[in-house]
A.B. asks: 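Pasting a structure here, questions to come.
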Amino acid sequence: MQKNSRYLVTAALPYANSFTHIGHIAGAYLPPDIYVRYRRLAGDEVIFICGSDEHGTAIEMASIQEGVPPQQIIDRYHFANKKGFDDLKIEFDIYSRTSNEEHHKTAKEFFLTLYEKGILTQKTDKQLFSEKENRFLADRFVTGTCPVCGYENARGDECENCGSNLSPLELINPKSKITGDTPVVKESTHFYFPLADFQQKLDEWINTKTDWKQNVLNYCKGWLKTGLKDRAITRDLDWGVKVPLKDNEGKVIYVWFEAPIGYITATKELFQNKGDAEGWKKYWFDENTKLIHFIGKDNIVFHALIFPAMLMGHGDYILPYNVPANEFLNIGGLKQSKSRGTGILVKDIVEKFSVDSIRYALAATLPENRDTDFTWEDLQARNNNELAAILGNFVNRTVVFAKNKFENKIPVRSSDSTESVELFNYVRNQTTLIAQNLDAFKFKDALSEAMNIARNANKYFNDTEPWKLIKSDKDKCAAVINDCLRLCFSLAVVFRPFLPDASDKILKILKSSIADLKWDDAANPKINDGEELGENIILFPIIEDEQISKNVKTDSNEAANTQSGGDDSGIGLITIDDFKKVVLKIAEVLECENVPNSKKLLKLRLKVGDKEKQIVSGISEHYRPEDLIGKSIVLVDNLKPSKLMGIESQGMLLAAKLGKELRIVTTDGAIDSGAEVN
RNA sequence: GCCGGGAUAGCUCAGCUGGUUAGAGCGUCGGAAUCAUAAUCCGUAGGUCGGGGGUUCAAGUCCCUCUCCCGGUACCA
């Protein structure tokens, strides 16, 4: 076990244009929080850094689309996400943001240092320029006709219709997405970071990292094999850190370059707040500091190659000691995706379940080696069958026993039985094993070994049968219960990094001091023989089935909501004008038949007032064609037509869905077709 | 298309450089116990390790091939 070292731990900076979901937590935030809590218990010097990443086109775009200043966008997500971390007891020493002044200063200094060292190169490219706005247009700010498939609303960076990657210059009839005017081609000069020059140094450096996780090394080697390309580090954009050189008006530092510098800024701020303005230097300049970046796999290339190259280029800073990246956490087999609206948001889950239940369920299924799957049923099972049944129950049965048979006092132990000695030898071994796993970033193994202590504790209780001893040998019984209470203490220590709330509660029941708690105390519990116990608390209430089925329902609703909207904001509120965009009408089903070879499609011929329409609907698993003929349904009349299995569908019908159940929406009593619904 | 990763008990996952009868947790089933949030403890069953072929004394682990999933990247003159 590494002792008394200095650690600089960072968690990926969440991008401030969406709410964090539990995949983010499992990937990049819970592991470092566990790690940091453990390191502190082990006596190491640690700081834990994070903050919002608040620049870039996506945020500027959102600001334009919503018609509000960028500041309003980033405030919304910064504070919401910060609160989400607080709610999950993920406790950074500082949660900063890249929009603040100190960061602009630090990022500019970093840029200038590279510039003055002659590392940066410049290249001139053709780009689209809006004369009306007097500015260059970023890729996403341009739409036009796709040169490949002819789709008219292709974005500047890709065509959503055919999937082609595009450059804005390739678009036919390009238009500014902001004003609609036609941009002209103009030359723009940008700064580049010569990543290719660092290829060899990075290769050699990565090769020394034999203890890194295999998945991380694989990604790196893949990139190195392909060959690193120079990357532009400036953009023509308003929202960001201005390029600190003359004749570069309208240019900002590219967000990928500037964001990781946020780790440095946040460290500076942390020490400024402490009144130790120079304190950050021993973290970023001292070779003995271990810099550890916790991230998701999408960030590996930035943290394991690009940022280190930047740091190498700059020269003053230490390089990462480790980058323990995780894979992704899926939900019920589906990807969590902002744009698709699938996923479980932190702000929602914390309203429904306790911090420890969430932390445990996530920690037990961390995507350490590959993508893993989270389900609500799993959360329930983990809580009820493991937390409550094994850990919670052991503490409870012990405390209740002491309360009933020993006047709610910690019984005094008169002698150590051999079983008792063996028991705490076992605890000592487990404590070491858990520490080894945590040192190696094997959080799942560590957690499972901690739970094994609780299993063994229950076994000890069962085997010694204190409920019999109390009648036959009260002294021995006292020793057993004393042991069990000491085990509660041990459990409070080893679970402390994972379940901070439960740990506090146990220590409170035992009236043990929290202040100077040490990891090694787990094997040498500090309880006060003879003293009265605190109030007993149920650590993990059972999660009932209804609490789970409710969630399955909201998930599918959320997923359905985003099919049409594409609104990433997650707010979910619309105005009456938004609603008026949708024309709903009553339609009568004239004909209905199965679509051959399809799994769930029905083709319906509808009468809508004096019109007739054909739609295709995916409900044949729930309705037979003959069931629908003659029924009145609610139709979305102004839906853009589309083809399903080659058949045109000119609208969609409304249906209510819950789990596997589905019912079409109809009217309360008869009304002629064509009637508007609102 | 190319590169990389995945596919292991009902479920969620472990299985470094190939080596005894393939593991854990949960769930199942049977038993014991009754201090405890009907919570515990013991035991049982469950897998031709995605399909096929090969190397080897020996392969989940190496090689080839196929199928399916997930990333990345290229092309669609």
Side-chain angles (χ1 to χ4, degrees), chain A residues 146-149 158-159 162-166 170 210-227 229 296-301 325 327-330 332-337 360-406 437 440 442-452 454-471 477 480-481 484 488 536-544:
Chain A
C146 172
V148 178
C149 71
E158 70 164 0
C159 171
C162 69
S164 303
N165 289 319
L166 302 172
E170 298 174 82
T210 49
D211 58 333
W212 283 19
K213 289 174 65 170
Q214 199 55 51
N215 58 337
V216 177
L217 292 174
N218 283 342
Y219 274 93
C220 291
K221 285 173 183 166
W223 279 85
L224 289 167
K225 201 172 140 195
T226 313
K229 291 181 193 135
K297 64 176 163 186
D298 51 327
N299 252 324
I300 291 175
V301 64
E327 305 283 312
F328 290 147
L329 181 79
N330 297 328
L334 297 173
K335 285 253 158 307
Q336 309 206 45
S337 145
Y360 185 80
L362 292 179
T365 181
L366 290 180
E368 286 173 347
N369 302 310
R370 59 170 174 186
D371 292 358
T372 60
D373 200 31
F374 173 92
T375 61
W376 291 111
E377 289 79 6
D378 187 53
L379 173 94
Q380 181 189 28
R382 296 277 184 194
N383 182 79
N384 294 358
N385 303 334
E386 297 180 35
L387 278 182
I390 298 168
L391 177 57
N393 181 236
F394 174 73
V395 174
N396 185 249
R397 72 199 294 202
T398 300
V399 173
V400 169
F401 197 96
K403 184 179 172 189
N404 292 339
K405 310 292 182 189
F406 292 98
N437 280 318
K442 292 176 171 178
F443 297 98
K444 281 199 287 197
D445 286 347
L447 182 60
S448 130
E449 292 302 345
M451 195 50 91
N452 279 340
R455 289 195 177 91
N456 231 272
N458 274 311
K459 181 171 166 53
Y460 182 72
F461 201 110
N462 275 31
D463 290 352
T464 51
E465 300 181 311
W467 59 90
K468 286 184 183 164
L469 286 177
I470 191 69
K471 293 169 190 159
C477 182
V480 165
I481 294 305
C484 288
C488 290
N536 188 30
I537 310 163
I538 296 293
L539 298 175
F540 312 105
I542 297 293
I543 294 174
E544 303 295 339

A.B. asks: Which nucleotides of nucleotides 1-6 of chain B have their base under 4.0 Å from a protein heavy atom (B), which only their sugar-phosphate (S), and which neither (-), written as one string 5' to 3'?
C.D. replies: --S-SS
A.B. asks: Whole angstrom is fine here: how far is it from CG in Leu387(A) over to P in U40(B)?
C.D. replies: 12 Å
A.B. asks: Can you tell me which stems RNA chain B forms when a stem means 3 or more consecutive Watson-Crick or G-U pairs under 3.5 Å?
C.D. replies: B:1-7 with B:67-73, B:10-13 with B:23-26, B:29-32 with B:40-43, B:50-54 with B:62-66
A.B. asks: Would you kindly give the CG-to-P distance between Asn215(A) and G72(B), to the nearest whole Å?
C.D. replies: 16 Å
A.B. asks: Who pairs with Trp212(A) by ring pair (Phe, Tyr, Trp, His ring centres under 6.0 Å), at least two apart in sequence or on another chain?
C.D. replies: Trp205(A)
A.B. asks: Show me the side-chain donor-acceptor pairs of residues 383-390 of chain A shorter than 3.5 Å, one per line, residues at least two apart or across chains.
C.D. replies:
unit_1	atom_1	unit_2	atom_2	d
Asn383(A)	OD1	Ser357(A)	OG	2.7
Asn383(A)	ND2	Pro541(A)	O	3.0
Asn384(A)	OD1	Ile543(A)	N	2.9
Asn384(A)	ND2	Ile543(A)	O	2.9
Glu386(A)	OE1	Tyr360(A)	OH	2.6
Glu386(A)	OE2	Arg382(A)	NH1	3.2

A.B. asks: If the sugar-phosphate is the primed atoms plus P, OP1 and OP2 and the base is the rest, what is the B/S/- string for nucleotides 26-36 of chain B, using protein heavy atoms under 4.0 Å?
C.D. replies: SS-----SSBB
A.B. asks: Do NZ/NE/NH1/NH2 and the carboxylate oxygens of Glu327(A) and Arg370(A) come within less than 4.0 Å?
C.D. replies: no
A.B. asks: Would you indicate whether Lys442(A), at its atom NZ, is surrounded by more than 12 heavy atoms from other residues, nucleotides or ligands within a distance under 6.0 Å?
C.D. replies: no
A.B. asks: What integer distance in Å separates Asp445(A):CG from G23(B):P?
C.D. replies: 17 Å
A.B. asks: Rounded off to whole Å, could you give me the CD-to-P distance for the Gln214(A) and A14(B) pair?
C.D. replies: 14 Å
A.B. asks: Pairs in or reaching into residues 454-464 of chain A: which pass side-chain hydrogen bond (donor to acceptor under 3.5 Å, both in side chains), with residues at least two apart or in two chains?
C.D. replies: Arg397(A)-Asn458(A), Arg397(A)-Asn462(A), Asn452(A)-Arg455(A), Lys459(A)-Asp463(A), Tyr460(A)-Asp483(A)
